[in-house]
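Data block below; observations after.
Note that the numbering runs from 1 along the sequence shown for the chain.
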Amino acid sequence: VVQLVESGGGLVQAGGSLRLSCTASGLSFDDYSMNWFRQAPGKEREGVSCITRRTATTYYAASAKGRFTISRDNVKNTLYLQMNSLNSEDSATYYCAASIGCNPNLDGSRWVNYWGQGTQVTVSS
């Protein structure tokens, strides 16, 4: 069975940083592009970032660019999201997802093959 397990969420003060991790099993990790999505209460799920499987080309939502960094370790089968300068708008449940390719616009999830269960991020001031 394919499993994507997120970790690293928690409570952080505004201006602080967190690093999220997603460990994959049951799939050929380096055959997939990997994504981070997030969803806050009362809001639509939104794409945050995506990284391609071979060249590790990266894509970011406007809200994330310059503050967040997506990366992957194909030996450890792990995806990361380094989040800096966090603010209250970043509070959400963050999900990792595997897909065949990235959508540079990060405006949907129809191409996603597998989802993780999510990890909660809460930013306080």
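- The OG1 atom of Thr23 lies 11.0 Å from the CD atom of Gln3; values are rounded to the nearest 0.5 Å.
- Counting heavy-atom neighbours within 6.0 Å of Gln120 CD, excluding the residue itself, gives a total above 12.
- Here the CG-CH2 distance, from Leu106 to Trp36, works out to 14.5 Å after rounding to the nearest 0.5 Å.
- At distances below 3.5 Å, not a single donor-acceptor pair connects side-chain atoms of Thr57 with backbone N or O atoms of Thr52.
- Between Cys50 and Asn103, every side-chain heavy-atom pair lies at or beyond the 4.5 Å cut-off.
- Relative to the ring axis of Tyr95, Arg45 does not place its NZ or CZ within 45° and under 6.0 Å from the centre.
- Ile100 is listed as a side-chain neighbour of Tyr32, based on a closest heavy-atom distance under 4.5 Å.
- Taking OG of Ser7 as the start and CG of Leu20 as the end, the distance is 8.0 Å to the nearest 0.5 Å.
- Leu4 is connected to Val121 through a chain of hydrophobic side-chain contacts under 4.5 Å among Ile, Leu, Val, Met, Phe, Trp and Tyr, so both are in one cluster.
- Listed here is the closest heavy atom pair of Ser33 and Arg72: CA-NH1, 3.9 Å.
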Let me see the working for Glu6 and Tyr94 under side-chain contact (heavy atoms from CB on, under 4.5 Å), right down to the final yes or no.
CA-CA 8 Å; Glu6 302 96 334; Tyr94 284 72; over 6 Å; no
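- The stretch residues 73-97 participates, sequence neighbours left out, in these salt bridge (Lys or Arg N to Asp or Glu O under 4.0 Å) pairs: Arg38-Asp90, Arg67-Asp90.
- Here Asp31 pairs with Arg53 in a salt bridge; the nearest charged N to carboxylate O distance falls below 4.0 Å.
- Side-chain contact between Tyr60 and Ile70 is present, with at least one heavy-atom pair separated by less than 4.5 Å.
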Would Ser124 and Leu11 count as a side-chain contact (heavy atoms from CB on, under 4.5 Å) here? Give the steps.
CA-CA 7 Å; Ser124 66; Leu11 176 65; 4.0 Å; yes
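- Applying the side-chain hydrogen bond (donor to acceptor under 3.5 Å, both in side chains) rule to Ser17 yields the partners Asn84; only residues at least two apart in sequence or on another chain are considered.
- Applying the ring pair (Phe, Tyr, Trp, His ring centres under 6.0 Å) rule to Phe37 yields the partners Trp115; only residues at least two apart in sequence or on another chain are considered.
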